[in-house]
Amino acid sequence: MIRELKTLIAVAQEGTFAAAGNKIGLTQAAVSAQMKRLEEELGIALFERKGRAAILTQRGHETLQQAHALITLYGTLGASGAGQPTTQRINIGAIASIQRSLLPDALARFHHTYRECRTRVVPGLSMELVNQVDAGELDMAVIIRPPFSLHSDLRWTPLAHEPFRLIAPMHINGEQWRELLTTHPFIRYDRASFGGRQVDRFLRDNHCKVHEVCEVDELEAIVKLVAKGVGVALVPQAIAQQHWPDEVRAIDLGERTFHRDIGLIHPTSGHLSNPARTLAQLISDTAQQLEPTR
């Protein structure tokens with residue numbers, strides 16, 4: 001029922017089943033089915049339908065308040081035991097490259113200060129993590145900046161501005177990125193990710209027809225494939241990427257350089273606990289320390 005209660009909150013916030021579905025990644029039909037199931041289980045009418053609008057009934061408003069309380073309580077399950085001090089848990093989402101580079105230092109500093117807190121790192125693509133923060137399932141997430149405006153109750157804190165480079169095996173000669181892209185096998189950054197969409201847009205805008213041999217989401221895997229001579233790739237020079245492997249060389253895109261913006265997304269500060277605000281600040285501080293000089 002927790003899933004249905006979260007959907008109820010989304011419908012109450014957005015006003016229609018369709019808008020709620022867009023917010024939490026469900027179809028309108030799936031939202032409608034969940035709300036029908038919840039009404040049947042509770043034995044009450046939660047909404048009055050007026051056109052496309054879903055307006056809460058009096059019992060619906062009461063249930064909504066209870067839903068908020070239940071979801072908050074659900075998030076604390078297992079956080080403390082009898083006779084033990086309360087343990088607060090912070091759920092943070094992160095894309096793969098951030099889990100290896102920025103997050104460990106920030107988490108280490110956080111746990112040295114807040115020894116009573118627990119953290120849970122949730123991996124995922126940026127779009128998935130945005131939805132989970134928006135739905136209240138995550139306290140914050142470090143992601144690639146979305147190509148759309150965020151809801152007003154979400155805050156974006158920029159962490160890094162990562163330039164894309166064309167990387168090629170060391171044995172391949174040439175400095176012209178366009179020629180290298182169009183004459184050698186291409187390893188594509190997964191188009192399901194925001195960064196991969198940027199690569200796709202760059203190729204289309206610059207009329208580059210590539211011979212794609214592989215599509216991968218994991219940046220470290222792409223770099224390794226290039227190092228093994230499989231092909232060339234367009235990847236961001238990540239925040240902690242001071243040097244490329246010896247088998248790889250990076251070619252600057254010059255005036256065509258585009259960037260991947262990395263940032264922290266979380267609810268406005270009034271919705272964050274003190275430990276969560278501290279962790280957000282530590283992540284920001286760590287990013288500034290890791291940012292390499294180009």
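Checked for salt-bridge contact, Arg59 and Glu62 meet the test: a charged N lies under 4.0 Å from a carboxylate O. Asp139 and Arg89 are not joined by a salt bridge, as no carboxylate oxygen comes within less than 4.0 angstrom of a charged side-chain nitrogen. Taking the charged nitrogens against the carboxylate oxygens, Arg109 and Asp105 have no contact shorter than 4.0 Å, which rules out a salt bridge. A salt bridge links Glu218 and Arg100; the closest N-O separation between the charged side-chain nitrogens and carboxylate oxygens is under 4.0 Å.
Every residue was checked against the ring-ring contact (aromatic ring centres under 6.0 Å, His included) condition with Phe194, not counting sequence neighbours, and none meets it. Not counting sequence neighbours, Asp190 has no partner by the side chain to side chain donor-acceptor pair (under 3.5 Å) test.
The 12-atom threshold is not exceeded at CD of Gln176, counting heavy atoms of other residues, nucleotides or ligands nearer than 6.0 Å. The environment of NZ in Lys224 is sparse: at most 12 heavy-atom neighbours from other residues, nucleotides or ligands sit within 6.0 Å. For Glu179, the CD atom counts as loosely surrounded, since its 6.0 Å shell holds 12 or fewer non-hydrogen atoms of other residues, nucleotides or ligands.
For residues 229-245, no residue pair satisfies the salt bridge (Lys or Arg N to Asp or Glu O under 4.0 Å) rule, not counting sequence neighbours. Residue pairs meeting the salt bridge (Lys or Arg N to Asp or Glu O under 4.0 Å) criterion with at least one partner in residues 228-250, sequence neighbours excluded, are Glu175-Arg249. Residue pairs meeting the salt bridge (Lys or Arg N to Asp or Glu O under 4.0 Å) criterion with at least one member in residues 42-58, sequence neighbours excluded: Glu39-Arg49. The list of ring pair (Phe, Tyr, Trp, His ring centres under 6.0 Å) pairs with a residue in residues 42-64, not counting sequence neighbours, reads Phe17-Phe47.
Under a hydrophobic clustering in which Ile, Leu, Val, Met, Phe, Trp and Tyr are joined whenever their side-chain heavy atoms come within less than 4.5 Å, directly or via other members, Leu180 and Val235 fall into the same cluster.
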What do the steps show when you test Asp200 against Arg188 for salt bridge (charged side-chain N to carboxylate O under 4.0 Å, His left out), and what is the final call? CA-CA 9 Å; Asp200 193 51; Arg188 185 184 286 274; 3.1 Å; yes

Under the side chain to side chain donor-acceptor pair (under 3.5 Å) criterion, do Asp285 and Gln289 qualify, and how do the steps go? CA-CA 6 Å; Asp285 293 345; Gln289 296 168 8; over 6 Å; no

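Atoms CG and SG, on Leu107 and Cys117 in that order, are 11.5 Å from each other to the nearest 0.5 Å.
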